Protein chains: 2
Amino acid sequence: MPAKLAPDRHRGLIVASGALTPPERAAEMLTRVFAQLAPQSRAVVIAAGDGDDHDGDIEMLLREAGANDVRRTLLRTRADSDQRALLDAIDHAELVLLQTDQPLRLSTLVGGTPLARALRRRNAEGMAVAGCGAAAALLCEHMLAHGEAGATPRHGGVQFAPGLGLTNRVVIDQGGHASDRLGRLLSALALNPFALGLGIDAATAAIIGPDNVLEVVGAGGVTVLDPSEMAESNVADLAPGTPIRITNLRLHALTGGARYDLDFRRAL
Amino acid sequence: MPAKLAPDRHRGLIVASGALTPPERAAEMLTRVFAQLAPQSRAVVIAAGDGDDHDGDIEMLLREAGANDVRRTLLRTRADSDQRALLDAIDHAELVLLQTDQPLRLSTLVGGTPLARALRRRNAEGMAVAGCGAAAALLCEHMLAHGEAGATPRHGGVQFAPGLGLTNRVVIDQGGHASDRLGRLLSALALNPFALGLGIDAATAAIIGPDNVLEVVGAGGVTVLDPSEMAESNVADLAPGTPIRITNLRLHALTGGARYDLDFRRAL
């Protein structure tokens with residue numbers, strides 16, 4: 001079991017959210033996130049990818065949820081991650097919300113740029129960072145970039161890439177078909193048994209506080225897979241595509257209101 | 001942890017198999033099943049439902065796998081479960097293989113008939129009984145009859161019905177979309193925390209021996225979910241459709257060659 005570290009009381013919330021759908025459920029969930037932020041909240045949305053039919057929607061959702069000021073930027077090139085106006089807005093925001101059609105799209109536009117540094121610095125100073133849907137994966141140090149569907153973990157069934165690195169305690173399933181996430185999470189934990197696996201339903205979020213306690217909000221569920229007592233994994237010996245044997249994981253199905261301590265790895 | 005019961009050395013194998021596809025992988029898996037039966041094996045296939053385009057296939061698969069004599073019966077009415085010739089064939093078979101398009105189709109044709117009694121009696125005497133795909137669920141006392149897709153368990157997300165009752169130690173996901181089974185199994189265990197949950201890939205089987213040790217054969221994986229240390233389940237308090245909170249389950253992803261003791265609930 002990992003040691004309990006001194007809590008970093010200044011760190012802002014890390015919000016790993018499923019897809020923002022259906023809108024009314026997503027608005028309820030976001031309202032609960034905003035309830036934990038300062039009043040008069042300013043939100044910055046950073047988006048990537050061609051799923052851009054929702055630009056009006058996310059701004060409306062955030063205003064309904066409590067944001068007073070919402071600014072949205074669609075990143076198309078890495079140079080877009082160096083815009084002075086965007087970095088200034090982040091300096092004064094209480095929440096940055098990340099959106100993308102797939103994790104690598106956003107991580108390759110942001111990784112190593114002034115924007116990535118600003119997000120890490122501002123989160124350490126107290127600003128909340130939310131990743132929604134596929135962007136939830138970016139919050140992690142080791143980002144689940146791609147994964148196959150299916151309940152059985154397979155060698156080569158997931159690909160990792162560097163994420164924003166706001167936390168290295170969890171690996172987050174990148175959304176998409178929530179129902180297909182078990183095999184992906186198991187494959188990821190076979191490769192990264194240090195981390196805890198989180199799979200998150202749509203209109204549902206895991207809010208990680210500065211004390212590393214996770215709280216579930218929203219209409220759906222969060223799957224927590226804990227490999228800290230993992231007894232066996234044969235991933236090192238396998239040919240690509242073959243199923244991975246991995247035993248003795250702990251599983252929790254959490255719902256709205258549930259709390260889980262990421263340091264001590266137990267439901268509260 | 002359940003007490004170790006005196007092993008019933010005479011009981012025949014109980015084979016819970018995923019769908020028999022692709023055929024070459026299924027034939028390999030069935031060959032491994034037949035390797036554990038007496039030579040000169042006679043097999044009886046009992047099928048129900050309209051998925052009847054495979055009748056030639058299953059007989060060929062079984063012959064390739066080692067059966068010397070294969071007889072197939074399609075049940076259309078409950079009266080078909082009282083055919084003298086069928087009951088005689090079962091009296092002299094080493095293996096009965098069950099097939100259906102959905103668990104309730106076969107269980108409602110067989111339940112309470114002389115055929116069901118013959119299958120239980122002959123399994124107790126040493127005959128192997130295999131349920132393939134949706135028919136795997138029938139092997140259990142408490143059969144997972146219907147289940148919703150998704151990773152998150154929900155109240156009302158599964159329906160139980162009586163099965164053949166060859167074992168009450170496990171609940172078996174009824175096949176279909178293997179990747180969607182996590183929520184179904186969790187819902188089932190929330191209702192039946194006595195049992196162990198098994199989810200089985202296509203072309204893969206869990207063979208339960210008379211010593212209640214399960215062995216995995218085949219190309220895919222078997223998910224084992226053990227609720228014996230379950231700490232919390234709120235299923236009794238929920239409205240239909242809402243997600244179930246259920247914590248502290250043990251999960252194992254097993255692959256070909258893995259063995260698991262159903263009495264002591266541990267991987268061997």
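In what follows, chains carry the letters A, B, and so on, assigned in the order in which the sequence lines appear, proteins first and then strands, with residues in each chain numbered from 1. This is a predicted model, so every value here is computed, not measured. When reading the values below, keep in mind they use all heavy atoms of this one structure, side chains included, and skip hydrogens, waters and symmetry mates.
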**OP:** Tell me, out of A/E229, A/M230, A/H252, A/R250, who's got the most heavy-atom pairs with chain B below 4.5 Å.
**Re:** A/R250

Subject >> Contacts of type side chain to side chain contact (heavy atoms under 4.5 Å, CB included), residue A/E141, not counting sequence neighbours >> reply: A/N168

**OP:** Check step by step if side chain to side chain contact (heavy atoms under 4.5 Å, CB included) holds for B/H146 and B/L104.
**Re:** CA-CA 8 Å; B/H146 278 302; B/L104 279 177; 3.7 Å; yes

[X], part contacting chain B, at a heavy-atom distance under 4.5 Å:
| X | answer |
| --- | --- |
| A/A219 | backbone |
| A/L254 | both |
| A/A267 | side chain |

Subject >> Ion pair check, A/R266 and A/D261, cut-off under 4.0 Å >> reply: no

**OP:** Using the side chain to side chain contact (heavy atoms under 4.5 Å, CB included) rule, take A/D226 and A/L249 through it: C-alpha gap first, then chi angles, then the decisive distance, then the call.
**Re:** CA-CA 6 Å; A/D226 173 9; A/L249 289 96; over 6 Å; no

**OP:** Determine the minimum heavy-atom distance between A/A151 and A/L186, stating which atoms define it.
**Re:** O-CD1, 4.1 Å

Original post:
Based on non-hydrogen pairs under 4.5 Å, which of B/T223, B/N234, B/T255 is most in contact with chain A?
Top reply: B/T255

Subject >> chain A contact via B/R154 - which portion, at a heavy-atom distance below 4.5 Å >> reply: side chain

Hey, what do you get for [atom1] ([X]) to [atom2] ([Y]), rounding to the nearest 0.5 Å?
| X | Y | atom1 | atom2 | value |
| --- | --- | --- | --- | --- |
| B/R25 | B/T204 | CZ | OG1 | 9.0 Å |
| B/S17 | B/I207 | OG | CD1 | 9.5 Å |
| B/M29 | B/F34 | CE | CZ | 10.5 Å |

**OP:** Given side chain to side chain contact (heavy atoms under 4.5 Å, CB included), test A/L225 with A/L196 step by step and report yes or no.
**Re:** CA-CA 6 Å; A/L225 262 180; A/L196 198 81; over 6 Å; no

**OP:** Give me the contact list for residues 238-247 of chain A versus chain B, heavy atoms only, anything under 4.5 Å, ordered by residue number.
**Re:** A/P243, A/I244, A/R245, A/I246, A/T247

